[in-house]
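Contents: one structure, followed by commentary.
Residue numbering restarts at 1 for every chain, and letters A, B, ... go by the order of the sequence lines. Only heavy atoms go into these numbers, but all of them, side chains included; no hydrogens, no water, no symmetry mates.
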Amino acid sequence: MFPYRWPVLIRVSAVRIGDLMDVQPFISVLIVPGLLFTSVMAFLYAGMYRKVRARMQNRRGPPFVQPFYDFIKLLSKDSIKPEKSGMLFTWAPIIALASVLIVPILFPIGGLSFAGDLIVVIYVLNVSAIMLAVGGFSSGSPFGAVGGSREVTQLFAYELPLAISMVAVAVKASSFSLVGIAGAQEAGGMFFYQLPFACIAFLSIIPAKIGLQPFDIPEAEQEILGGPFVEYSGYRLAIFTFANQVKYFVVISLAVILFFWRNWWQFLITGFLLWLLFIFVKIISARVKTDQSFVFFWQYMGILALVDLVRVVI
Amino acid sequence: MFEKVVNYCRKKSPWLLHVSCGSCNNCDIEVLAALAPRFDVERFGGVLKPNPRHTDILVVTGIMTLKMTNVLKRLYEQTPDPKAVVAIGSCAITKGIFAETYASYGPADAVVPVDAYIPGCPPRPQAILHGVVTALNALWGG
Amino acid sequence: MDMVVQFGPQHLALAEPERFKVHTEGEKVVDVEVAVGYNHRGIEKLAERKTFEQDILLVERICGICSMSHPVAFTQAVEDIAGVDIPERANYLRMIIAELERIHSHLLWAGIAAEIIGIETLFMYIWKDREYVLDQLEIITGNRNHYAWNTIGGCRKDITEKHIPPLLTALEVVERRTEYYIDAFLRNRTIRARLVGTGILPREDARKLCTVGPTARASGYAVDVRKDDPHLAYDKVDFAEIVLGEGDNMARAKVRLLEILESVKIIRQATKAIKGLPEGDIAVPVAEIPPGESVGRYEAPRGEVFHYVKSNGTFYPERVKVRAPTYSNIQAVPTMLMGDTLADVPISLASIDPCFCCTDR
Amino acid sequence: MEAEEFIEKLKELLGRNLLEYHIGRRNRVFVKVKNGYHRDVVSWFQEMQAHLSVISSVDLGDELELVYHFEIRPLEVGLKTSASKAKPHIETISDIYPSAAWYEREAMEMMGIVVVNHPDPRHLFLPDDYTEFPLRRY
């Protein structure tokens, strides 16, 4: 059946596209700060992570494009779904990836932005963390369950200082949207010296959020064999690790936007430098236990963020 | 064309699982030494993974002792396809010096299909790397 | 919610197969079930079917990373039965290789312990420096681990003049690096957070359970075969026996790292003493072995290795009984783990430096 | 405490039941005791805070022998008791030395010696369905 209707549609849509809706949202969702740009940056961040880590341990380390090879190889392997695992076993990684991919669309570099998108960012990043825990619980293995419960306890641990420091920044820039915050910083200079305590609190949360060394308790490989990831394989594992790698990029660039913003190309450079700093912190620290991380976040970082919030509000 | 790309990626990122079934832990330590900076296996993308779900190359050492054989069988079944098995050390190839022992079901290929053998007691880390890389080329080199 | 978490036969933290069923309430460990035997190769039966000479090679393959301890213990027992005194130089040769092996074994343990608590960098640094020691061992004996250095009545090869200078330079590098690692283990805040106060083995339990080696010495129970029953040439060199009191994981780490410095001291004195002795006189021929029985003891990196050999006059031993240090240390693991959290289990298990291939024979 | 003094003390403690003894090189002492009396010798060792190294099992043809290796500084004592192959019953000492439990389990599964009232007589190294005793020679 020759699709004779085909040319009609093209003629009609060609006219419609021109005037009905402008093309800008498609570009910002699909290309610039959206899917293509984020995935390239995520692979770049992960490749840099493994190369710099290896170089710091004076060994050669894998090529920069190694995460790309791993991703394709994992996609090509067959994925085993244990009987004891629930329906969420397949959906958890997909939701985690989707929720993490939403955040870069709101970035001030040519992305869509609306009044309260900072709240969306906080909520969506939590969704991906919870999806990691749900993935662990639904995998049906004791290690997954322990990994999931650790992820949730760690989520409670760092949630308080994170929210407080973000609210402090929003109140300082008197706007709850990333573009507004970026604009305030372009006008009044970077926030990291105006709100030093909130900056320290936020930067110390990042290793816990990403799962880097001092606080990578959920995926502790030696203790619980990879935590929530224990039963995942094939394309499901590929999506989960890709979601994690995107999270590396998203959380680091969020920190840059909130505290070190001047303009868009400086945003990329500071992102890489901050990422080097976190790799270095990972290199020199061992994995702490859940109760120690709890104490660290609630007592020290919580108070620091509070001090800055009070300072800004008064 | 697509098949070539996938095979190339499989060759470039071999995730290893080390299973010791009754070895004198010299081959196990040489496998770990292959991770150390001097013989770094991560140059080839190789990473030692904690559980069978994430791996595609099973590195097996030791004679298959009575208790460890069905554990190895289960690990082999839990590993998703496509997978490969590399037997390291003369114990895994021919039961080596423990040939007449009562406590073994036989060398590695009596339990799981083996793709590459690395002789030596213990084989040097360079030999282990060479064996793993040849197994990769043979399976997915194309 | 109480759960049974199984550190199964195949686990990243344990290089060899052993099964630990850990019963936990929430994250607190309540009870530990230890299952051994996954590495049992029936060596004692094989030893009875091989001659004494072949047995040395078999006994060497009981454990790969302490492949000097079993042959020395075995040959000493057989030499006691045969009533043979091995030449002075052979004693020094055996002691040098034994101490070199203690250095590389303790470095190996320090790397794996760092890997288990999460610092992968320290694992890479330590194992890079361990390669220097393995190079020296390879130059002198020909192989990185299974040295085939002993025979009944002495040694098979000799350490000549040209071996000693590179050996001493390698020792300088190892000594400098070990001081750096001791500093790293003691001062890094996150390492301290993980090692201090976890896996505590009180002195009373260490003595009651007859633990041996660094595990016992870290709990204050001074057991060191080199001092109690001096064999080889340990009574002719002076070195300190390191005994600490805390008995937690950090104390065990400290004991092992400080022992590396002691071993370097021993080797330096031994190489000086060897210069005086005539080269080449390294073995005494042993014609035949009369019926009798004896016990060979040796201080391996993990503790006391114990060989009971009984001969019946023929060239085949009547009975060879081997007891490795981990066999008695592993019985102290349940008391160590009681009350710790799940996250401490792998590091406490690794802190006794388990060598399951020795335990199961 | 030297070897001869140790043997005198044992003679007082056991009298006729001390069947034979042999002092080897480098303070190795081997003492053979009648079955059943080894427990009081072991409790005497325990008071002297002796260190139990291992318990080996030996096949003497018509008898099965257990050798308890103790280290009483500076001596290395091998305490032997034996039982006939038909009725290989030997009392346990795991209530005095807890670490003896595992050595006795190994002797039970390898040589077929029946250790009386042992707390946990399961197999240790061999799989549970393994029936014959590998270390028996005759």
*Can you say whether D:Phe30 sits under 4.5 Å from chain C via the side chain, the backbone, both, or neither, judging by heavy atoms?*
side chain
*Among C:Ala35, C:Ala332, C:Ser294, which has the most heavy-atom pairs under 4.5 Å with chain D?*
C:Ser294
*Which atoms of D:Leu75 approach chain C - backbone, side chain, both or neither, heavy atom under 4.5 Å*: neither
*Under a 4.5 Å heavy-atom cut-off, does chain C meet the side chain of D:Asn27, its backbone, both or neither?*
neither
*Side chain from CB out, backbone as N, CA, C, O: work out which of these in C:Asn312 comes under 4.5 Å of a heavy atom of chain D, or both, or neither.*
side chain
*Hey, do the aromatic rings of D:Tyr21 and D:Phe6 have their centres closer than 6.0 Å?*
no
_Counting only non-hydrogen atoms closer than 4.5 Å, does D:Arg105 touch chain C with its backbone (N, CA, C, O), its side chain (CB onward), both, or neither?_
neither
*Run the ring-centre check on D:Tyr103 versus D:Tyr68 and record whether the distance is less than 6.0 Å.*
no
*Side chains of C:Tyr221 and D:His51, donor plus acceptor under 3.5 Å*: yes
_So if I apply the side-chain hydrogen bond (donor to acceptor under 3.5 Å, both in side chains) rule between D:Thr92 and each of D:Glu104, D:Arg39, D:His118, which one comes out positive?_
D:Glu104
_Contacting region of C:Asp80 [heavy-atom separation from chain D under 4.5 Å]_ = both
*In terms of heavy-atom proximity below 4.5 Å to chain C, should D:Pro74 be classed as side chain, backbone, both, or neither?*
neither
*side-chain hydrogen bond (donor to acceptor under 3.5 Å, both in side chains) partner of C:Tyr308, chosen from C:Arg323, C:Arg297, C:Glu293*: C:Glu293
*D:Lys85 pairs by side chain to side chain contact (heavy atoms under 4.5 Å, CB included) with which of D:Leu64, D:Asp62, D:Leu60?*
D:Leu64
*So which of C:Leu209, C:Thr359, C:Asp360, C:Val295 has the largest heavy-atom pair count under 4.5 angstrom toward chain D?*
C:Val295
*Would you mind telling me which of C:Lys208, C:Lys310, C:Arg361 has the largest number of heavy-atom pairs within less than 4.5 Å of chain D?*
C:Arg361
*asked:* For the interface with chain D, which of C:Glu44, C:Arg207, C:Glu48, C:His231 has the highest count of heavy-atom pairs at distances below 4.5 Å?
replied: C:Arg207
*No-hydrogen, no-angle side-chain donor-acceptor test under 3.5 Å, C:Tyr234 and C:Glu299*: no
_Taking side chain to side chain contact (heavy atoms under 4.5 Å, CB included) as the criterion, tell me which of D:Val29, D:Val41, D:Val67 meets it with D:Leu79._
D:Val41
*Part of C:Ile330 lying under 4.5 Å from any heavy atom of chain D*: side chain
*asked:* Heavy-atom cut-off 4.5 Å, strictly under: side chain, backbone, both or neither for C:Gln331 against chain D?
replied: side chain
_As a quick check of understanding, evaluate ring-ring contact (aromatic ring centres under 6.0 Å, His included) for D:Tyr130 and D:His123, giving each step before the final call._
CA-CA 9 Å; D:Tyr130 200 86; D:His123 274 272; 7.5 Å; no
